Engineer: 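Pasting a structure here, questions to come.
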Amino acid sequence: MFQVGDRVRTSAAAVPHHTRLPAYARGCAGTVVGVEGRWPLADARAQGAVVVQPVYTVRFSASELFGAGSHSVTLSMWEEYLT
Amino acid sequence: MTHSSSPLAARVRHVEALLESRGLVDPVELDRALEAFLARASPANGARIVARAWVSDEFRARLLDDAGAALADVGLSMGGGLQVQRLCVVENTPAVHNVVVCTLCSCYPIALLGPSPTWYKSPAYRAQVVRDPRGVLESFGFSPDGEIAVWDANAETRYMVLPMRPGGTEGWDEERLAGLVTRNGLIGVAPV
């Protein structure tokens, strides 16, 4: 479980199945800014399984995601996507 | 390419036909549910929410804290589609301007904003707005002050922007204020 303010890193691996972790946000460090409750993991649901996990709102700097830019990008991350 | 002529749309129609032929889906029921949902889906809903937030600090605070619950105040809900969706409203300030995208597909709060514009679903917008939001906003003729915060609706949350109330609108009632709010403003590619 993570809490607001925690520094987290997204999974770097490309997966051979449906996922809602966009490629541009793989292997990046961000900060948890919110907790969205528990939702069925999209990756499992696409394979016919129900796996419910906490989802976190995670903010990334553009420089972390793209190596340039002064804006932020905020995404939702199932717990499995984070370390 | 239009939505209805795309290869994906053809696949969806094919799957729908298979489901109907095997009796798994009732086409009349499906059409009825879609029509009922779309008849209520309009940017006028988002505009009413914004106008209420502009006149009531108490509503605005609850909207930003738990948008789904606050919607009941204006007779709306996020439960009109196939499943209840989590709504998050993000507030523009002089320091931060918000803009919404779904980089993976086209997720969007249809009930509050009406059907999404074609450009919102385009690969160009989805790829560029996370990398160069200021450049994308300039292509809409809009150069906001302050920092830019991009929200990617990549999972279960749908986002709506709460624009800043324009100056010179003191004393306006909610209905008149709502008339100022545009769909593009609710996505974040216009000031209001």
Side-chain angles (χ1 to χ4, degrees), chain A residues 2 4 8 10-11 14-15 17-28 30-46 48 50-82, chain B residues 64-69 78 82-93 95-107 109 123 125-138 142-161 188-189:
Chain A
F2 300 103
V4 170
V8 291
T10 59
S11 168
V15 292
H17 53 70
H18 174 77
T19 184
R20 297 294 296 185
L21 172 54
Y24 79 86
R26 275 190 217 133
C28 292
T31 303
V32 175
V33 296
V35 183
E36 303 185 14
R38 297 168 60 83
W39 297 86
L41 176 67
D43 307 50
R45 196 157 61 171
V50 177
V51 178
V52 178
Q53 288 185 357
V55 175
Y56 302 94
T57 315
V58 182
R59 180 158 299 151
F60 302 88
S61 68
S63 57
E64 169 70 9
L65 294 172
F66 307 115
S70 58
H71 58 285
S72 68
V73 182
T74 305
L75 298 97
S76 300
M77 295 286 166
W78 270 276
E79 191 159 66
E80 181 166 302
Y81 298 167
L82 302 174
Chain B
L64 297 174
D65 180 55
D66 183 353
M78 291 296 285
L82 294 175
Q83 65 174 44
V84 177
Q85 293 176 326
R86 182 177 182 271
L87 177 69
C88 178
V89 173
V90 289
E91 180 184 35
N92 289 345
T93 68
V96 180
H97 178 81
N98 300 285
V99 60
V100 177
V101 65
C102 171
T103 60
L104 292 175
C105 46
S106 56
C107 294
Y125 176 75
R126 288 157 42 202
Q128 286 169 19
V129 78
V130 286
R131 288 166 176 80
D132 178 22
R134 207 165 275 285
V136 169
L137 294 179
E138 279 167 10
F142 180 32
S143 301
D145 297 328
E147 289 176 23
I148 296 185
V150 181
W151 300 81
D152 186 350
N154 68 307
E156 303 295 344
T157 299
R158 302 292 170 264
Y159 293 99
M160 189 183 91
V161 174
V189 298

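Residue numbers begin at 1 in each chain, while the letters A, B, ... track the order of the sequences. Note that this is a predicted model, so its numbers are computed, not measured.
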Engineer: Applying ring-ring contact (aromatic ring centres under 6.0 Å, His included), name anything that partners B:Tyr125, two or more places apart in sequence or on another chain.
Structural biologist: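 Expected list: B:Trp119, B:Tyr120.
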Engineer: Quick check for you: among B:Thr103, B:Thr157, B:Val130, which has the greatest number of heavy-atom pairs under 4.5 Å with chain A?
Structural biologist: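 Between B:Thr103, B:Thr157, B:Val130, the count favours B:Val130.
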Engineer: Nearest 0.5 angstrom please: A:Glu36 CD to B:Glu156 CD, how far?
Structural biologist: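 Reported to 0.5 Å precision, the distance equals 9.0 Å.
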Engineer: Okay, side chain of B:Asn154, backbone of A:Arg20: is any donor-acceptor separation there less than 3.5 Å?
Structural biologist: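 Yes, B:Asn154 side chain to A:Arg20 backbone: donor-acceptor pair under 3.5 Å.
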Engineer: Given the options B:Val150, B:Val99, B:Val96, B:Asp132, which has more heavy-atom pairs under 4.5 Å with chain A than any of the others?
Structural biologist: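 Top count of heavy-atom pairs under 4.5 Å with chain A: B:Val150.
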Engineer: Indicate the atoms forming the closest heavy-atom contact of A:Thr19 with B:Leu104, along with that distance.
Structural biologist: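 The pair with the smallest heavy-atom distance is O-CD1, 4.2 Å.
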Engineer: Can you confirm whether more than 12 heavy atoms, excluding those of B:Glu147, are under 6.0 Å from its CD atom?
Structural biologist: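 No, because the 6.0 Å sphere around CD of B:Glu147 holds 12 heavy atoms or fewer from other groups.
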Engineer: What residues of residues 53-72 of chain A sit under 4.5 Å from chain B when only non-hydrogen atoms are counted?
Structural biologist: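 When heavy atoms of chain B are the reference, residues 53-72 of chain A contributes A:Thr57, A:Arg59, A:Phe66, A:His71, A:Ser72 within the under-4.5 Å range.
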Engineer: Sort B:Ala153 into side chain, backbone, both or neither according to what part of it lies under 4.5 angstrom from a heavy atom of chain A.
Structural biologist: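 Contact with chain A: backbone only.
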